[in-house]
Amino acid sequence: MIYYRAIKILFVMVLATNIVYFTRTYHLRETELKQAELNHISTISYDTDDQVQFSPNKPYAELDQLEKVAYLLKSVDSDKERFWLAQTEITEPNLQINPQDFLPGANDESPNWSNKPTLFYDPRFTLSVYINEIKHQLLTKNPHNEKAKDNMITVPFAWSDWVDLTMLNEELAKPVDERADCGWLQEKVNKPTKYPDFCVNLRDLPDEELAEIGLPSKEYLPGFVVKGSPMNKAPHKQVMMQGKAHLLTHQENPLSIIFLTKDGTYEAQVAYKQRIVHSSMFSEFLSRKNIDVTGDSMVDEVILNPITEFRDLNREVKSRPLNWDDDIYKMNSITRQKSANASRELYLDPKAFDYKVEQVEEQIIEYETRLDHLKDALTNELHYDLAYIQKIKLDRHEMNHYKSLKHAYSVPLKDETTYYKLATLLKVDGNKDAGWHYEWRFFNGGLRYLKDGWTQTQLEIREQIILDRLLRNWFRFAEEKGIISWIAHGPLLSWYWDGLMFPYDIDIDIQMPSAELNRLSKHYNMTLVIEDVNDGFGKYLIDCATFLQHRDMAPKDNHIDARFIDVDTGTYIDITGLGKNEESPPQEFNSYIRNKNAKGDSVNLYSDRRKHWLTFESISPLRYSMIGGVPVYVPNDIMSMLNHEYPKGTTSYQFEDYFYVPILRLWLKRDRLQVLLDDKGLKDINLDQMTEFLKGLTVDDKVKLLETHDSVLIEYYLTHKHTQLHEIEKKFMLDPTLQYSILDLKDNYDYHQLTSNFKMGSPLRKSLYDYEYIERLKHQE
Ligand SMILES: *[C@@H]1O[C@H](CO)[C@@H](O)[C@H](O)[C@H]1NC(C)=O
Ligand SMILES: *[C@@H]1O[C@H](CO)[C@@H](O)[C@H](O)[C@H]1NC(C)=O
Ligand SMILES: *[C@@H]1O[C@H](CO)[C@@H](O)[C@H](O)[C@H]1NC(C)=O
């Protein structure tokens, strides 16, 4: 009995000790976490490095380290010559020309651009003439820039005015019978093309085709008239020439042109194919400016400036903001709220992801009903009613959309043809680029392929400019038009690190709900989007794949639903739609499905046309954020996506030759860090040691890096405010380990206040035209 009691007491004692022990440890752990969280949030500071004050009279050597950083940042501002790359406004908007050279009517002995086959290209010329023309039409036909009157503003269009095709001049300057032919394009290929009809020799070109191409005579065409892509591999030059010849001859025109501004758009409809120099646009431009080109006081010099033209347009006709009704998710209004406390999160509707064959059918029926009514109104005089016709007519975007719906509906999944063709390059002459990142028609040289007259560094700068502007213009367009999208894959991972794009990534991926994808294609497919002319002269084509109407996995190739293509370079943003379909989700979602079913909730699980699956909850609410100074949306549960897609992506400080440098919040090439490694006598260190070294860098090291490399200083100057905001944002959005998302930020006003800082500022990098054609040559080493 006693024995039994003793055991009982012992048992109770053990239990009690355990309870005490566990509560204590638990409590300690709890306190630790609380503390981590406090530190996490309490270290938030909105002060930036450039705000540190220092006495201008003190010599540099006597400044403390933080003052030195501020001093160096200031020096970028003041020494515009040395730090020219940090100046991102357009430096030479003026183009001086002799107007005589651009006017039709010259004789054959002294040919002008209008009566000789070689091409002239300067975006300042094109933009000045078009903006002036559109302003004139708006003032006379639609002074309030009303959407209902959009169809009254019409312009001709030829790709050669908008894309630099002057490489073809080499051929166009030769006598017709000496021009290279299709055989030359295919002279050095990896294998014979499966599509020999891709090209017609000029000498064999039938007259009907010449008429279709819309140029005055055979003189105006290269020896190879390219109808499509041969889809085999060829050297750089041939692949470029092939795309350019296609643009000159067979590429269809965009349906409309949209000019972006900071608060609205201007739009024009493309009526037919014609070059500026073959139209009356330029002479009307001159006469509107009272420039005399005929009389005795004939002017032989005019200055065109697209920025001034654009400002005039802005002053005289207001750009059009998005209609409230067209902002179906109210995204345009949410992002423009004034109150700092207001949430900029975007709560999506699962319906946006519900786009299947039923919706395709419904739209076809709707279009066909309208077409029937139109036909009836035109063929039965008792039903003729102009107002009614006006109301139900199909615009050209709708007509194009209708055709694509019909076609996609009639073709089974397995018979889809490949929509997008890429530039396919031979790996010769030191080229390592297979071409997989460029749309073939607009290909203008591999990003990293050393062209004559270019250095490696210049190519790297060019690449960053291209990607920066692509992203900027897509999100500006999307916000202007209330189109929902968010960054995904690579850009999301680079967002995680410093809120910038990786300096080594060459593609940009975004996702959108599948119904939204259809909306994009219905209204904006084949639209040429023109960058805010104050920022640069970029132009982007929205090209939506026919088979985006199919939502099951694409059997081959058609994984990408739409592209936003930089027509100057052929680089693009890949747009994929996410939504419901008939595929079965992978096993890892079994428990998600079980949970949902047990609770009687609907299962909202979506995929793209490749293999990426996401739940509604991991996407919505979308969070307003920035990447590279561009306001964007990111999905709600970023970390579950990243951890799934890139198991080491958020912890590894190395990618190829690049290392993440926390003290600068930048990815730098290893050679930039050499000065510090040498100082510390670190040689042959492994990745773990390198990571420790990077994490341990101090403000002394930061000063050293900024002093040593102008390029690092410029990069820090351009990015430090953005990356600092990002650092703060991560403290709200992620837990203290920075590996898990915090999913509910609805009532976090500090977070909302932070997001009220996210606005599109001036561009991070130079305009591509300014860099490529002007500034780079001025600063040639
Ligand atoms: C272009 O044509 C105009 C009008 O015929 C002529 O006066 C001018 O000299 C020509 N310019 C050139 C460069 O040939
Ligand atoms: C924003 O929210 C905070 C916290 O709820 C409140 O103290 C502050 O007055 C609000 N500011 C505005 C402008 O509404
Ligand atoms: C977009 O336009 C192109 C060119 O007209 C067409 O081939 C394609 O089917 C269109 N896509 C959609 C989704 O309408």
Side-chain angles (χ1 to χ4, degrees), residues 101-102 111-123 125-126 156-189 198-205 209-230 234-254 273-279 421 423-425 435 438-446 449 451-454 539 541 565-570 768-769 772-773:
D101 296 348
F102 294 83
N112 277 330
W113 288 113
S114 54
N115 62 348
K116 65 181 169 195
T118 44
L119 298 160
F120 173 83
Y121 173 76
D122 192 307
F125 176 69
T126 306
F157 184 96
W159 283 106
S160 54
D161 285 326
W162 295 87
V163 180
D164 189 349
L165 307 182
T166 57
M167 193 179 186
L168 292 169
N169 283 348
E170 187 182 315
E171 291 298 315
L172 296 171
K174 295 182 193 163
V176 169
D177 53 4
E178 285 171 30
R179 294 180 188 173
D181 61 9
C182 304
W184 173 76
L185 287 180
Q186 292 284 298
E187 221 163 58
K188 299 176 190 161
V189 291
F198 86 96
C199 181
V200 179
N201 288 323
L202 182 58
R203 58 179 172 273
D204 304 329
L205 190 75
E209 278 188 34
L210 181 65
E212 228 173 86
I213 288 167
L215 287 169
S217 73
K218 284 193 176 181
E219 292 272 338
Y220 288 74
L221 305 178
F224 36 85
V225 178
V226 177
K227 293 179 151 183
S229 160
H236 254 77
K237 182 160 180 190
Q238 278 84 340
V239 175
M240 281 160 85
M241 287 292 226
Q242 172 175 294
K244 289 177 192 291
H246 180 73
L247 288 183
L248 186 73
T249 57
H250 280 284
Q251 170 60 40
E252 66 185 270
N253 275 343
K273 183 167 167 175
Q274 191 175 51
R275 280 188 207 166
I276 298 175
V277 292
H278 295 155
S279 76
K421 315 274 161 56
T424 37
L425 299 168
Y438 322 94
E439 155 62 42
W440 76 280
R441 297 167 291 180
F442 302 101
F443 177 60
N444 198 20
Y449 180 68
K451 288 190 264 201
D452 281 348
W454 284 78
K539 324 150 197 91
L541 181 69
I565 307 170
D566 173 3
V567 301
D568 289 323
T569 63
L768 182 63
Y769 180 77
E772 203 162 311
Y773 290 75

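In what follows, residues are counted from 1 in the order of the sequence shown.
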Exercise. CG of Leu202 to CD of Glu219: how many Å apart, nearest 0.5 Å?
Worked result: 9.0 Å
Problem set entry | Over all atoms of both residues, closest heavy-atom pair of Val200 and Cys182 | C-SG, 3.4 Å
Exercise. Is there a side-chain contact between Ile213 and Tyr220, using heavy atoms and a 4.5 Å cut-off?
Worked result: no
For this session: Would you indicate whether the side-chain heavy atoms of Phe120 and Asn112 approach each other to under 4.5 Å?
Result: no
Problem set entry | Shortest non-hydrogen contact between Ala423 and Val239, atoms and distance | CB-CG1, 3.8 Å
Exercise. If you look at every heavy atom in Ala180 and Phe224, which pair is closest and at what distance?
Worked result: O-CD2, 3.3 Å
Exercise. CG/Asp161 to CD1/Ile276 distance, rounded to the nearest 0.5 angstrom?
Worked result: 4.0 Å
Exercise. Which distance, rounded to the nearest 0.5 Å, do you find between the CE of Met241 and the CH2 of Trp184?
Worked result: 4.5 Å
Exercise. Cys199 versus Leu185: any side-chain heavy-atom pair under 4.5 Å?
Worked result: yes
For this session: Taking the side chain as every heavy atom from C-beta outward, state whether Trp440 and Val226 have any atom pair closer than 4.5 Å.
Result: yes
Exercise. Under 4.5 Å between any side-chain heavy atoms of Arg441 and Ile565, yes or no?
Worked result: yes
Problem set entry | Nearest atoms (heavy-atom pairs only) where Lys227 meets His246 | O-CE1, 3.1 Å
Exercise. Can you tell me how far OG1 of Thr118 sits from CG of Leu165, rounded to the nearest 0.5 angstrom?
Worked result: 12.5 Å
For this session: Rounded to the nearest 0.5 Å, what's the gap from CG on Leu215 to OG on Ser160? Could you check?
Result: 7.0 Å
Problem set entry | Close side-chain approach of Asn444 to Tyr438, heavy-atom, < 4.5 Å | no
For this session: Flag the pair Val225 / His250 as yes when at least one side-chain heavy-atom distance between them is below 4.5 Å, and no otherwise.
Result: yes
Exercise. Could you walk me through whether Tyr449 and Leu425 pass the side chain to side chain contact (heavy atoms under 4.5 Å, CB included) check?
Worked result: CA-CA 11 Å; Tyr449 180 68; Leu425 299 168; over 6 Å; no
For this session: Salt-bridge test for Asp568 and Lys539: reply yes if a basic N is under 4.0 Å from a carboxylate O, no otherwise.
Result: yes
Problem set entry | Over all atoms of both residues, closest heavy-atom pair of Gln242 and Pro230 | NE2-CD, 3.5 Å
Seminar exercise, completed: Correct closest heavy-atom pair for Ser114 and His278 would be O-NE2, 3.2 Å
Exercise. Does a side-chain heavy-atom distance below 4.5 Å link Lys273 with Glu212?
Worked result: no
For this session: For the pair Asp177 and Arg203, evaluate side chain to side chain contact (heavy atoms under 4.5 Å, CB included) and give the outcome as yes or no after the intermediate values.
Result: CA-CA 8 Å; Asp177 53 4; Arg203 58 179 172 273; over 6 Å; no
For this session: Determine, stepwise, if the pair Phe125 / Trp113 fulfils side chain to side chain contact (heavy atoms under 4.5 Å, CB included).
Result: CA-CA 13 Å; Phe125 176 69; Trp113 288 113; over 6 Å; no
Exercise. How many angstroms lie between atom NZ of Lys218 and atom CZ of Arg179, to the nearest 0.5 angstrom?
Worked result: 11.0 Å
For this session: Determine, stepwise, if the pair Phe442 / Trp159 fulfils ring pair (Phe, Tyr, Trp, His ring centres under 6.0 Å).
Result: CA-CA 10 Å; Phe442 302 101; Trp159 283 106; 5.5 Å; yes
Problem set entry | Salt bridge present between Lys244 and Glu171 (N-O < 4.0 angstrom) | no
Exercise. Is the count of non-hydrogen atoms from other residues, nucleotides or ligands lying under 6.0 Å from Lys188 atom NZ greater than 12?
Worked result: no
